[in-house]
Amino acid sequence: HVDPSIPIRLYIHTQMKRERDLYADIDELGIGDIVVYPEPYIMDTGGVGEKEMVMIFNCADVVLNCSFEGFGLAMTQAQAVGVPVVYLLEGPGPELIQNGVGVPPLANITAANLMTRPIPNPMAIADALSELWKRRKVNGKPLRSEKAVKFVQENLGWPKITEQWIQVIDKVMWEREHYCYDIPKHSQELVERANAQVTLE
């Protein structure tokens, strides 16, 4: 089921749980049996500049997103340079991904900590990587997608996001002006009645 001869450079995006012990994290994710590596490179991408992130994603053949996120920034960044993504079929992946393979998670129950708890399906991921490798062999070149790059540029670029934020802010301000009122103050009679009730008790 798993072909160890597939030489795919895999960027695994996940939240580390064991104080930056990648081997333990890979075992916990259940993907140790499908990933073979001599010496993994680990990096905290928080605070890394956009230019450096482009270089990181350009080094990968495939990005594997092992966790649920509210937006899916890593998947979006990968698509911005055309790199295919293996993503979970729950969460933002199905709406974001134009170039990649979706895989089902092991569980279909939404838990309170699902945003940070990765539950990938190792065999489905292995099949997805095999599928992407077959596509690459057929095409005879890296699996980069201009369609995915265009999708990000047109729908997720700063001009589009800024435009949408301005619309949201304008709507909120209009509603505030037309629907929201200051809470009326209690009349002196009600205040005195409430004070008298507290005194009696």
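Because the structure is a prediction, the values reported are computed rather than measured.
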For the hydrophobic clusters of this structure (ILVMFWY residues joined by side-chain heavy atoms under 4.5 Å, transitively), does one cluster hold both [X] and [Y]?
| X | Y | result |
| --- | --- | --- |
| V63 | L156 | yes |
| V83 | V54 | yes |
| M53 | L96 | yes |
| F57 | M55 | no |

Could you report the tightest heavy-atom contact between [X] and [Y], atom names first, then the distance?
| X | Y | answer |
| --- | --- | --- |
| V149 | G82 | CG2-N, 3.5 Å |
| L89 | P104 | CD1-N, 3.8 Å |
| M75 | I97 | CB-CD1, 3.7 Å |
| P84 | G100 | CB-CA, 4.4 Å |

Qualifying side chain to side chain donor-acceptor pair (under 3.5 Å) pairs, either residue in residues 161-171, two or more places apart: K171-E175
Side chain to side chain donor-acceptor pair (under 3.5 Å) partners for E131, two or more places apart: R135
Q79 backbone acceptor or donor facing Q98 side chain under 3.5 Å: no
Rounded distance [0.5 Å steps], CG in L132 versus CG in D61: 10.0 Å
Interatomic spacing from CG in L143 to NZ in K137 - rounded to 0.5 Å: 12.0 Å
Trace of the side chain to side chain contact (heavy atoms under 4.5 Å, CB included) decision for V103 with L88: CA-CA 5 Å; V103 297; L88 297 176; 3.9 Å; yes
Derivation of the side chain to side chain contact (heavy atoms under 4.5 Å, CB included) call for N99 and E146: CA-CA 9 Å; N99 180 31; E146 290 300 322; over 6 Å; no
Side-chain heavy atoms of Y87 within contact of P94, under 4.5 Å: yes
Distance-only donor-acceptor check, side chains N58 and R144, under 3.5 Å: yes
